[in-house]
Q: 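One structure coming up, written as structure tokens, with questions to follow.
The model shown is predicted, which means the values in this text are computed figures rather than measured ones. Note that these values count all heavy atoms, side chains included, but never hydrogens, waters or copies made by symmetry.
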Amino acid sequence: MLTTEQTTKAEKLLSLHTNGQLLILPNIWNPIGARVLESKGYPAVATASAAIAESLGYADGENIRFETMLEMLTRIARSVDVPVTADIEAGYASTVSELKDSIHEVLKTGVVGINIEDSLVEGVSMRSVREQCERIAAVREAADQYGVHLVINARVDSFFLDSLGAGQEKLEDAVARANAYAEAGADCIYPIGPGDRETVSLLRQRIVVPLNILATPNAVSLTDLQRLGINRVSFGPFIFRSLLAKFVRIADELKDFGPYSVFAEQSMSGKDVTKFLISGKE
């Protein structure tokens with residue numbers, strides 16, 4: 001059910017893209033991650049579809065049931081007071097009509113922003129510009145019907161597409177798609193790809209709406225992204241995978257009768273964890 005709180009959160013999330021400050025979103029996959037970020041003063045939190053799927057033992061790519069994703073989003077949105085934006089992949093919908101229904105279900109979870117991608121098969125095929133524009137317009141229409149300005153972060157996968165030639169061809173395709181998606185109703189553009197200074201600078205110069213960059217180990221620093229006028233930076237599944245790597249190292253060492261220090265060092269106490277928990281029963 002739509003509430004004043006949800007509409008206010010949507011307005012807040014939108015404003016965070018245009019206030020001149022880089023919106024840093026270390027993507028989370030569960031409620032405690034969201035509560036940690038909120039406690040540290042982050043003004044919004046974002047999910048990563050790959051991190052959610054992988055934490056449940058499945059690959060990304062809409063392999064977990066839509067109902068499962070909705071349940072996770074509901075838990076996360078209810079766990080914090082800050083706005084939540086959700087990665088919903090391609091919307092769990094093949095038709096525009098199905099997509100509108102999906103958006104209504106997503107809004108019922110309490111989230112106020114989404115990532116939606118234009119790949120059909122990552123690296124192999126993408127929806128046509130016209131089709132993806134129709135889908136973005138449908139998302140905007142569905143959100144308007146619901147009564148919320150859903151913040152649409154339109155992902156552009158041109159840099160992944162193997163059929164496109166050199167970097168310049170991919171850049172031109174990304175820019176054309178980005179500005180078309182903005183015209184169709186997207187609030188922010190998320191061109192997945194090279195995070196190098198030259199590419200980021202060109203994208204910033206030629207895309208007319210707020211811009212989201214994916215942070216990778218080789219990407220431009222957060223300080224430089226701020227200087228370049230980038231509006232938002234997210235981390236996809238990389239933080240989840242970094243933590244998973246630590247768990248794997250712990251498992252390997254314990255299997256070989258390693259010391260307890262492998263898990264005791266830099267660990268939180270039960271009391272520390274309690275600060276991020278909801279009191280009472282579910």
Q: Could you check Y42 against V82 for side-chain contact (heavy atoms from CB on, under 4.5 Å), going step by step and ending with a plain yes or no?
A: CA-CA 8 Å; Y42 285 84; V82 296; over 6 Å; no
Q: Is Y146 reachable from V139 through a run of hydrophobic residues whose side-chain heavy atoms are each under 4.5 Å from the next?
A: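 Yes, one cluster joins them.
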Q: Which heavy atom of I189 sits nearest a heavy atom of I207, and at what distance?
A: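 Shortest heavy-atom separation between I189 and I207 comes out as CG1-CG2, 4.1 Å.
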Q: Considering non-hydrogen atoms only, spot the tightest contact between A90 and R127 and give its length.
A: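 Answer, listing the atom of A90 first, then R127: CB-NH2, 4.5 Å.
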Q: Salt-bridge test for R75 and E282: reply yes if a basic N is under 4.0 Å from a carboxylate O, no otherwise.
A: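 Salt bridge between R75 and E282, a charged N being under 4.0 Å from a carboxylate O: yes.
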Q: Measure across K12 and P83 and return the closest heavy-atom pair with its distance rounded to 0.1 Å.
A: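 The pair with the smallest heavy-atom distance is CG-CG, 3.9 Å.
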Q: Find out if a path of hydrophobic residues (ILVMFWY) with successive side-chain heavy-atom gaps under 4.5 Å connects L25 to V220.
A: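 No; tracing contacts between hydrophobic side chains, which count when under 4.5 Å, never links both residues.
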Q: Is D252 salt-bridged to K255, going by a charged N under 4.0 Å from an acidic O?
A: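 Answer for the salt bridge query: no.
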Q: Is it true that E105 and K108 have a side-chain N and a carboxylate O under 4.0 angstrom from each other?
A: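 A salt bridge is present here (some side-chain N lies under 4.0 Å from a carboxylate O).
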Q: Do the side chain of T109 and the main chain of T74 share a donor and acceptor less than 3.5 angstrom apart?
A: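 Absent.
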Q: Output yes when R249 and E253 qualify as a salt bridge under the 4.0 Å nitrogen-oxygen rule, no when they do not.
A: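 No, this pair does not count.
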Q: Is a donor on one side and an acceptor on the other found under 3.5 Å between the side chain of R140 and the backbone of L150?
A: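 Confirmed, R140 side chain pairs with L150 backbone.
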Q: E141 side chain to I136 main-chain N or O, any donor-acceptor pair under 3.5 Å?
A: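 Not a single qualifying donor-acceptor pair exists.
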Q: Looking only at the side chains, is there a donor atom on one of H17 and N153 sitting less than 3.5 Å from an acceptor on the other?
A: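 No, no side-chain donor-acceptor pair sits under 3.5 Å.
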Q: Please check if V112 and M72 belong to a single hydrophobic cluster, counting links between Ile, Leu, Val, Met, Phe, Trp and Tyr side chain heavy atoms closer than 4.5 Å.
A: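 No; M72 is not reachable from V112 via cluster members.
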Q: If I compare all heavy atoms of G236 with all of A48, which pair ends up nearest, and what's the gap?
A: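 Residues G236 and A48, closest heavy atoms: O-CB, 3.5 Å.
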Q: Return yes when atom CD of E67 has more than 12 non-hydrogen atoms of other residues, nucleotides or ligands closer than 6.0 Å, and no otherwise.
A: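 Check passes, neighbour count above 12.
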Q: So, does R177 use its side chain to make a donor-acceptor pair with the main chain of P191 at under 3.5 Å?
A: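 It does not hold such a pair.
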Q: Does a sphere of radius 6.0 Å around CD in E131 hold more than 12 heavy atoms from other residues, nucleotides or ligands, not counting ones at 6.0 Å or beyond?
A: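 Correct, the count exceeds 12.
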Q: When you look at CD of E183, are more than 12 heavy atoms from neighbouring residues, nucleotides or ligands closer to it than 6.0 Å?
A: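 Open.
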Q: Please check this pair: side chain of R206 against backbone of V175, looking for a donor-acceptor N/O pair closer than 3.5 Å.
A: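 It does not hold such a pair.
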Q: Return yes if some donor-acceptor pair links the side-chain N/O of N30 with the main-chain N/O of G33 below 3.5 Å, else return no.
A: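 Judged by distance alone, yes, a pair lies under 3.5 Å.
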Q: For the residue pair V200 and I230, establish whether any side-chain heavy-atom pair is separated by less than 4.5 Å.
A: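 Yes. Closest side-chain heavy atoms under 4.5 Å.
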Q: Has T47 got a side-chain atom pairing as donor or acceptor with D87's backbone, closer than 3.5 angstrom?
A: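 The answer is yes, because a donor-acceptor pair under 3.5 Å joins these two groups.
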Q: Under the rule for ring-ring contact (aromatic ring centres under 6.0 Å, His included), what residues qualify as partners of F159, not counting sequence neighbours?
A: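 Not a single residue meets the ring-ring contact (aromatic ring centres under 6.0 Å, His included) criterion with F159.
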Q: Sub-3.5 Å donor-acceptor pair from the side chain of N212 to the main-chain atoms of N231, do we have one?
A: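 No, N212 side chain to N231 backbone: no donor-acceptor pair under 3.5 Å.
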Q: To the nearest 0.5 angstrom, please state how far the CD atom of E54 sits from the OG atom of S49.
A: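 Answer for the CD-OG pair, E54 versus S49, is 8.5 Å.
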Q: With a 4.0 Å cut-off on N to O distance, would you call D118 and R155 a salt bridge?
A: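 Answer for the salt bridge query: no.
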Q: Could you tell me if the side chain of L243 sits less than 4.5 Å from the side chain of W29, heavy atoms only?
A: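 W29 reaches L243 side chain to side chain.
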Q: Using only atom types and a distance under 3.5 Å, with no angle test, would you say the side chain of E89 pairs donor to acceptor with the backbone of E62?
A: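 Checked: pair present.
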Q: Looking at every non-hydrogen atom in both residues, tell me the closest pair between L13 and A44 and how far apart they are.
A: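 Nearest heavy atoms, L13 then A44: CD1-CB, 4.0 Å.
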Q: Distance-only, no hydrogens or angles: does the S102 side chain make a donor-acceptor pair with backbone N or O of E98 under 3.5 Å?
A: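 At least one qualifying donor-acceptor pair exists.
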Q: Within the supplied structure, the quantity of interest is the number of heavy atoms (other residues, nucleotides, ligands) at a distance under 6.0 Å from Y58 OH; does it exceed 12?
A: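 No, OH of Y58 has 12 or fewer neighbouring heavy atoms, counting only those of other groups under 6.0 Å.
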